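Within every chain, numbering begins at 1; the chains are lettered A, B, ... in the order of the sequence lines, protein sequences first and strands thereafter. None of these values were measured; they are calculated from a predicted model.
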2 protein chains.
Amino acid sequence: MSSTSSMSSTANEVPVIKVRPEPESLPDPLPEPAVEDLRLETVLGALSDPLRLGIVRKLLLESEAFDHSCGWFGLDRPKSSLTHHFRALREAGVTRQRQYGLERRSHVRVDDLNARFPGLLGLVAAWVPDRASTG
Amino acid sequence: MSSTSSMSSTANEVPVIKVRPEPESLPDPLPEPAVEDLRLETVLGALSDPLRLGIVRKLLLESEAFDHSCGWFGLDRPKSSLTHHFRALREAGVTRQRQYGLERRSHVRVDDLNARFPGLLGLVAAWVPDRASTG
DNA sequence: TGTTAAGTTCGAATGGAGTCGTACTGAGCT
DNA sequence: AGCTCAGTACGACTCCATTCGAACTTAACA
């Protein structure tokens, strides 16, 4: 919470260090359901959309250590549509979103989902999109 | 298995025998997608409804060796609604339906689903319905 | 043959999800 | 201050799923 990483600066030569946020200084997650509130039918509903299924699959297979912003996915949809889908995933509890400046980055709640619905993410990762989807 | 229990009949008195359909003489299944045509997003969509999730779960946990008709589930919904949901499950490939006289009996396509989406049925079986659902 | 019962079909109403344009917000940069 | 850019908010539209009543179909059975 209140880890105001006071970057020691000796008044003179200010070290301009791009500090990648440490696990202790992450922005708070946007509103999301708690692990114990995850509902299978809601999660399945969120994953029943090909675009969202592709988002989660791409996160599972290709994501780096850090979260990924909306544009990383290369989805050919207007921004307002993407907002809709990323919010659907977060509110269902599939992804977690954090605000980094202008960007809103997402990652899959792997531990939570594996705890509540073991095997589900494996199905998503193994999913083969139909020709012409995911945009 | 194929014991066509030829209940002794002396040619004259025609034996009115209620022959329960053997595995070889089952009615043809109603139209359904082939195993290789099952789509994860479609199956998830079919299972994202609490009523249908309850149907499949009940079939997995409590079903006998034979299929079960619509009324076996004790669902408190009008018949036209049940037709809708059972058809949704069948057309998504989750269940198989056969016509037995007046009744249309269902069972889960366990082998097909385990082959295509291993682990999925385990999640359905482990599902705990929210208070006040499944009708 | 007539009744009963399981389930379908149709049609309507409702609500919600997906799609998108437009306007807006807010952080970072110069 | 002003620009840029990521993403949101809002509203409109369309479409689909859900729900259900009412009429129909049909097998079983007396």
Pick out the pairs of N or O atoms, protein on one side and nucleotides 9-13 of chain C on the other, that lie under 3.5 Å.
none

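- In this model, the phosphate group of D/dT18 is approached by a side-chain N or O of B/R52 to a distance below 4.0 Å at OP1 or OP2.
- Per the geometry, CG belonging to B/L82 stands 13 Å off P belonging to D/dT18, to the nearest Å.
- For A/S81, the listed nucleotide lying nearest its side chain is C/dT19; candidates were C/dT19, C/dG7, D/dG7.
- The residue among A/P78 and A/G101 whose nearest nucleotide of DNA chain C lies closer to the 5′ end is A/P78.
- In the model, A/R105 has no side-chain atom that pairs as donor or acceptor with a side-chain atom of A/H68 under 3.5 Å.
- If you measure from atom NE2 of B/H68 to atom P of C/dG7, you get 13 Å, rounded to the nearest angstrom.
- Distance from the side chain of A/H85 is smallest for C/dT19 among the nucleotides C/dT19, C/dG21, D/dG7.
- One can place CD of B/E103 at 14 Å from C1' of C/dT4, the figure rounded to the nearest angstrom.
- In this structure, the side chain to side chain contact (heavy atoms under 4.5 Å, CB included) partners of A/P118, at least two apart in sequence or on a different chain, are B/L123.
- In this structure, A/Q97 and A/L102 both approach DNA chain D, and ranking their closest nucleotides by distance from the 5' end singles out A/L102.
- For A/R105 and D/dG7, the shortest distance from a side-chain N or O to OP1 or OP2 is not below 4.0 Å.
- Electrostatic pairing of A/R96 and A/D67 does not count as a salt bridge here, judged by no charged N lying under 4.0 Å from a carboxylate O.
- In this structure, A/E62 and A/W72 have side chains that are in contact, with non-hydrogen atoms separated by less than 4.5 Å.
- Outside the 6.0 Å centre-distance limit, the rings of B/Y100 and B/F66 are not counted as a close aromatic pair.
- Under 3.5 Å, the side chains of A/R90 and A/Q97 contain a donor-acceptor pair of N or O atoms.
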